[in-house]
Asker: 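Got a structure for you, written out below as C-alpha coordinates; questions coming shortly.
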Amino acid sequence: MSRKLLSIAALGAVLALGACGDDDNGPNGETLSAQEQTALLQALSNEAVFAPGVAVAISPLLSEAQVGSMGDFATVGSQLKLTLVNGSTTTTTVFTSVTGWAGLDVGAKTVDSAITVASIAEGQGTFPSTVSADLESGDGFASYFDGTDTFVGESGEFNMTSSSFGATEDCPNVQVGNGLTSCRIAFGTMSGNFDFAASNGSDDYTRGNTSFSVPAVQLSITVDVTQE
(Lines give C-alpha, C1' and ligand atoms only; values in the text may rest on other atoms or scores of the structure.)
Protein backbone atom coordinates (compact mmCIF):
# COMPACT_ATOMS: atom_id res chain seq x y z
CA MET A 1 0.00 0.00 0.00
CA SER A 2 1.40 3.41 -0.96
CA ARG A 3 2.71 5.96 1.53
CA LYS A 4 0.23 8.42 0.02
CA LEU A 5 -2.59 6.17 1.21
CA LEU A 6 -0.90 5.84 4.59
CA SER A 7 -0.82 9.62 4.88
CA ILE A 8 -4.49 9.96 3.92
CA ALA A 9 -5.50 7.37 6.51
CA ALA A 10 -3.40 9.06 9.17
CA LEU A 11 -4.99 12.42 8.39
CA GLY A 12 -8.43 10.89 8.87
CA ALA A 13 -7.32 9.47 12.22
CA VAL A 14 -6.03 12.89 13.28
CA LEU A 15 -9.51 14.31 12.77
CA ALA A 16 -11.03 11.45 14.77
CA LEU A 17 -8.58 12.00 17.61
CA GLY A 18 -9.23 15.72 17.76
CA ALA A 19 -11.72 15.24 20.61
CA CYS A 20 -8.97 14.57 23.19
CA GLY A 21 -8.97 16.88 26.21
CA ASP A 22 -6.83 20.00 26.59
CA ASP A 23 -5.46 19.68 30.14
CA ASP A 24 -1.90 19.31 28.86
CA ASN A 25 1.53 20.15 30.14
CA GLY A 26 4.04 21.98 28.00
CA PRO A 27 7.75 22.58 28.38
CA ASN A 28 8.79 23.60 31.90
CA GLY A 29 5.29 22.89 33.19
CA GLU A 30 3.60 25.52 31.03
CA THR A 31 0.14 24.80 29.68
CA LEU A 32 -0.61 24.24 26.02
CA SER A 33 -4.17 25.29 25.30
CA ALA A 34 -6.33 23.64 22.67
CA GLN A 35 -5.63 26.65 20.44
CA GLU A 36 -1.88 26.18 20.88
CA GLN A 37 -2.17 22.51 20.00
CA THR A 38 -4.11 23.31 16.83
CA ALA A 39 -1.68 26.07 15.84
CA LEU A 40 1.34 23.81 16.37
CA LEU A 41 -0.04 20.92 14.32
CA GLN A 42 -0.98 23.28 11.49
CA ALA A 43 2.41 25.01 11.55
CA LEU A 44 4.34 21.73 11.39
CA SER A 45 2.07 20.37 8.66
CA ASN A 46 2.28 23.57 6.57
CA GLU A 47 6.08 23.42 6.56
CA ALA A 48 6.15 19.71 5.64
CA VAL A 49 8.04 18.93 8.83
CA PHE A 50 6.12 15.74 9.57
CA ALA A 51 7.07 12.32 8.35
CA PRO A 52 3.99 10.45 7.06
CA GLY A 53 1.80 9.45 9.97
CA VAL A 54 3.58 11.45 12.67
CA ALA A 55 0.77 13.98 13.25
CA VAL A 56 -1.62 11.31 14.44
CA ALA A 57 0.84 10.26 17.14
CA ILE A 58 1.67 13.78 18.27
CA SER A 59 -1.95 14.92 18.57
CA PRO A 60 -2.88 12.73 21.57
CA LEU A 61 0.53 13.34 23.14
CA LEU A 62 -0.14 17.07 23.27
CA SER A 63 -3.50 16.35 24.83
CA GLU A 64 -2.45 13.80 27.43
CA ALA A 65 1.27 13.99 28.29
CA GLN A 66 4.18 16.28 28.98
CA VAL A 67 6.34 17.88 26.32
CA GLY A 68 10.09 17.66 26.86
CA SER A 69 13.06 19.56 25.51
CA MET A 70 16.02 18.95 23.24
CA GLY A 71 18.35 21.94 23.33
CA ASP A 72 16.35 24.95 22.15
CA PHE A 73 13.47 22.78 20.92
CA ALA A 74 10.31 21.78 22.75
CA THR A 75 10.20 18.10 21.82
CA VAL A 76 7.96 15.04 21.78
CA GLY A 77 8.66 11.42 20.94
CA SER A 78 6.16 9.04 19.40
CA GLN A 79 5.62 5.54 18.16
CA LEU A 80 2.64 4.94 15.91
CA LYS A 81 1.52 1.51 14.74
CA LEU A 82 -0.90 2.17 11.89
CA THR A 83 -2.89 -0.82 10.64
CA LEU A 84 -4.90 -0.32 7.45
CA VAL A 85 -7.62 -2.78 6.51
CA ASN A 86 -8.68 -2.80 2.87
CA GLY A 87 -11.08 -5.65 2.27
CA SER A 88 -9.15 -8.87 2.85
CA THR A 89 -5.78 -7.06 2.88
CA THR A 90 -4.18 -5.77 6.08
CA THR A 91 -1.04 -3.61 6.08
CA THR A 92 0.80 -2.47 9.21
CA THR A 93 3.47 0.23 9.42
CA VAL A 94 5.32 1.42 12.53
CA PHE A 95 6.55 5.03 12.69
CA THR A 96 9.04 5.98 15.43
CA SER A 97 9.82 9.68 15.58
CA VAL A 98 11.12 12.68 17.49
CA THR A 99 9.74 16.13 16.62
CA GLY A 100 10.83 19.49 18.03
CA TRP A 101 9.85 23.11 17.51
CA ALA A 102 10.75 26.62 18.70
CA GLY A 103 8.96 29.98 18.61
CA LEU A 104 5.32 28.91 18.25
CA ASP A 105 3.10 31.86 17.21
CA VAL A 106 -0.48 30.80 17.94
CA GLY A 107 -2.16 33.65 16.07
CA ALA A 108 -0.13 33.20 12.91
CA LYS A 109 0.01 29.39 13.29
CA THR A 110 3.75 29.41 12.61
CA VAL A 111 6.98 28.30 14.26
CA ASP A 112 10.42 29.91 14.07
CA SER A 113 12.07 26.54 13.48
CA ALA A 114 11.27 22.84 13.66
CA ILE A 115 12.92 19.47 13.24
CA THR A 116 11.81 15.87 12.92
CA VAL A 117 13.50 12.54 12.39
CA ALA A 118 11.76 9.19 12.10
CA SER A 119 12.06 5.56 11.17
CA ILE A 120 9.42 4.00 8.93
CA ALA A 121 9.08 0.21 9.18
CA GLU A 122 6.54 -1.12 6.71
CA GLY A 123 5.19 -4.59 7.42
CA GLN A 124 6.29 -4.52 11.07
CA GLY A 125 3.57 -5.67 13.44
CA THR A 126 5.07 -4.83 16.83
CA PHE A 127 6.64 -1.79 18.47
CA PRO A 128 10.45 -1.96 18.52
CA SER A 129 12.24 -1.32 21.81
CA THR A 130 15.22 0.08 19.88
CA VAL A 131 15.61 1.54 16.39
CA SER A 132 18.57 1.99 14.05
CA ALA A 133 17.46 3.58 10.78
CA ASP A 134 19.60 4.54 7.78
CA LEU A 135 17.92 7.57 6.21
CA GLU A 136 19.68 7.20 2.86
CA SER A 137 18.35 3.67 2.38
CA GLY A 138 14.76 4.81 2.87
CA ASP A 139 14.35 3.32 6.35
CA GLY A 140 13.76 6.79 7.78
CA PHE A 141 12.82 10.41 7.21
CA ALA A 142 14.27 13.71 8.45
CA SER A 143 13.54 17.39 7.89
CA TYR A 144 14.50 20.78 9.27
CA PHE A 145 12.58 24.06 8.94
CA ASP A 146 14.71 27.19 9.49
CA GLY A 147 11.86 29.69 9.47
CA THR A 148 11.90 30.11 5.72
CA ASP A 149 12.73 26.83 3.98
CA THR A 150 12.27 23.14 4.71
CA PHE A 151 15.34 20.96 4.24
CA VAL A 152 14.65 17.28 3.59
CA GLY A 153 17.12 14.70 4.85
CA GLU A 154 19.11 12.79 2.25
CA SER A 155 21.46 10.80 4.49
CA GLY A 156 22.09 10.18 8.17
CA GLU A 157 21.12 7.92 11.07
CA PHE A 158 18.26 7.83 13.55
CA ASN A 159 18.77 5.70 16.65
CA MET A 160 16.35 5.06 19.48
CA THR A 161 18.63 3.38 21.98
CA SER A 162 16.08 2.84 24.74
CA SER A 163 12.37 3.23 25.41
CA SER A 164 9.96 2.51 28.22
CA PHE A 165 6.16 2.68 28.16
CA GLY A 166 3.41 2.05 30.68
CA ALA A 167 0.26 0.00 30.33
CA THR A 168 -1.75 0.32 27.13
CA GLU A 169 -5.31 1.62 27.40
CA ASP A 170 -8.13 2.75 25.17
CA CYS A 171 -7.55 6.25 23.77
CA PRO A 172 -9.40 8.75 26.00
CA ASN A 173 -12.33 10.66 24.54
CA VAL A 174 -12.00 9.00 21.13
CA GLN A 175 -15.09 7.69 19.36
CA VAL A 176 -14.50 4.58 17.27
CA GLY A 177 -16.23 4.98 13.91
CA ASN A 178 -15.90 6.55 10.46
CA GLY A 179 -13.20 4.04 9.57
CA LEU A 180 -11.37 4.12 12.92
CA THR A 181 -11.96 0.68 14.40
CA SER A 182 -9.42 0.60 17.24
CA CYS A 183 -7.31 3.09 19.19
CA ARG A 184 -4.94 2.16 22.03
CA ILE A 185 -2.40 4.40 23.75
CA ALA A 186 0.45 4.25 26.27
CA PHE A 187 2.86 6.85 27.65
CA GLY A 188 6.53 6.66 28.48
CA THR A 189 9.94 7.89 27.37
CA MET A 190 12.31 7.55 24.43
CA SER A 191 16.06 8.18 24.29
CA GLY A 192 18.58 8.11 21.48
CA ASN A 193 20.45 10.21 18.96
CA PHE A 194 20.46 11.24 15.32
CA ASP A 195 22.31 13.17 12.63
CA PHE A 196 21.49 14.00 9.03
CA ALA A 197 22.42 15.96 5.94
CA ALA A 198 19.53 17.68 4.14
CA SER A 199 18.77 19.90 1.17
CA ASN A 200 16.04 22.30 0.06
CA GLY A 201 16.98 21.90 -3.59
CA SER A 202 19.52 24.71 -3.72
CA ASP A 203 21.12 24.91 -0.27
CA ASP A 204 22.28 22.26 2.19
CA TYR A 205 21.84 21.79 5.93
CA THR A 206 23.85 19.50 8.17
CA ARG A 207 22.65 18.41 11.60
CA GLY A 208 25.44 17.09 13.80
CA ASN A 209 24.94 14.29 16.30
CA THR A 210 22.02 15.27 18.55
CA SER A 211 20.93 13.34 21.63
CA PHE A 212 17.38 13.21 22.98
CA SER A 213 15.61 11.88 26.06
CA VAL A 214 11.97 12.92 25.95
CA PRO A 215 8.42 12.02 27.02
CA ALA A 216 6.72 9.90 24.38
CA VAL A 217 3.43 8.39 23.33
CA GLN A 218 2.88 4.93 21.89
CA LEU A 219 -0.25 4.80 19.76
CA SER A 220 -1.80 1.84 17.98
CA ILE A 221 -4.71 2.50 15.62
CA THR A 222 -6.58 0.44 13.08
CA VAL A 223 -8.33 2.17 10.18
CA ASP A 224 -10.69 0.47 7.73
CA VAL A 225 -10.14 2.05 4.30
CA THR A 226 -12.24 -0.52 2.41
CA GLN A 227 -14.10 1.10 -0.45
CA GLU A 228 -17.83 0.43 -0.44
Side-chain angles (χ1 to χ4, degrees), residues 1-25 32 34 37-38 40-42 44-45 50-67 76-99 116 118-131 133 139-141 160 162-190 214-228:
M1 193 167 291
S2 72
R3 290 189 181 184
K4 180 179 180 181
L5 182 54
L6 288 174
S7 299
I8 291 172
L11 176 60
V14 170
L15 298 177
L17 291 171
C20 290
D22 61 3
D23 289 330
D24 25 272
N25 298 311
L32 286 176
Q37 293 174 40
T38 300
L40 176 61
L41 291 172
Q42 182 170 326
L44 297 180
S45 297
F50 285 134
V54 172
V56 67
I58 289 178
S59 179
L61 177 61
L62 293 178
S63 297
E64 301 294 334
Q66 290 189 338
V67 176
V76 294
S78 65
Q79 286 191 297
L80 165 66
K81 183 171 70 174
L82 176 61
T83 300
L84 299 183
V85 178
N86 190 350
S88 61
T89 301
T90 300
T91 303
T92 301
T93 303
V94 176
F95 305 89
T96 301
S97 67
V98 172
T99 299
T116 194
S119 70
I120 305 172
E122 296 183 10
Q124 182 167 321
T126 59
F127 289 112
S129 58
T130 63
V131 166
D139 292 338
F141 173 98
M160 183 182 70
S162 65
S163 60
S164 177
F165 290 90
T168 301
E169 59 189 47
D170 288 337
C171 297
N173 304 318
V174 172
Q175 290 291 329
V176 172
N178 295 321
L180 180 67
T181 62
S182 175
C183 182
R184 300 280 289 173
I185 196 168
F187 298 99
T189 59
M190 288 169 38
V214 295
V217 65
Q218 197 175 68
L219 182 68
S220 179
I221 65 171
T222 301
V223 181
D224 191 335
V225 296
T226 304
Q227 299 295 315
E228 296 294 341

Asker: For G77 and V214, which heavy atoms make the closest approach, and how far apart are they?
Answerer: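 Taking every non-hydrogen atom into account, N-CG2, 3.8 Å.
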Asker: Decide yes or no for C183 and L219: does some side-chain heavy atom of the first lie under 4.5 Å from some side-chain heavy atom of the second?
Answerer: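 They are in side-chain contact.
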Asker: Between T130 (side chain) and M160 (backbone), is there a donor-acceptor pair under 3.5 Å?
Answerer: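 Side chain of T130 to backbone of M160, a donor-acceptor pair under 3.5 Å: no, none is there.
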Asker: Do you know which two heavy atoms are closest between F141 and I120, and how far apart they sit?
Answerer: CB-CD1, 4.1 Å
Asker: List the atom of V94, the atom of P128, and the distance in Å for their closest heavy-atom pair.
Answerer: CG1-CD, 3.9 Å
Asker: Does S163 have any side-chain hydrogen bond (donor to acceptor under 3.5 Å, both in side chains) partners at least two apart in sequence or in another chain, and if so, which?
Answerer: none
Asker: Quick check for you: to the nearest 0.5 Å, what is the distance between Q124 atom CD and T93 atom OG1?
Answerer: 9.5 Å
Asker: So, do E169 and I185 sit near enough that their side-chain heavy atoms are less than 4.5 Å apart?
Answerer: yes
Asker: Filter on salt bridge (charged side-chain N to carboxylate O under 4.0 Å, His left out), then keep only pairs touching residues 76-95, sequence neighbours left out; what's left?
Answerer: none
Asker: Search all heavy atoms of Q79 against all heavy atoms of T96 and return the closest pair with its distance.
Answerer: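 Heavy-atom minimum between the residues: NE2-OG1, 3.2 Å.
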Asker: Just wondering, do S220 and F127 contact through their side chains at under 4.5 Å, heavy atoms?
Answerer: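 Of all side-chain heavy-atom pairs linking S220 with F127, at least one is under 4.5 Å.
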Asker: Return the CD to OG1 distance between Q218 and T189, rounded to the nearest 0.5 Å.
Answerer: 11.0 Å
Asker: Between A216 and S78, what is the shortest heavy-atom contact and its length?
Answerer: CB-N, 4.3 Å
Asker: Between D224 and V85, what is the shortest heavy-atom contact and its length?
Answerer: OD1-O, 3.2 Å
Asker: For T181 and T222, indicate whether the former's side chain and the latter's backbone hold a donor-acceptor pair under 3.5 Å.
Answerer: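 Checking the backbone N and O of T222 against the side chain of T181, a donor-acceptor pair under 3.5 Å is found.
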Asker: Which value, rounded to the nearest 0.5 Å, describes the distance between T92 atom OG1 and E122 atom CD?
Answerer: 11.0 Å
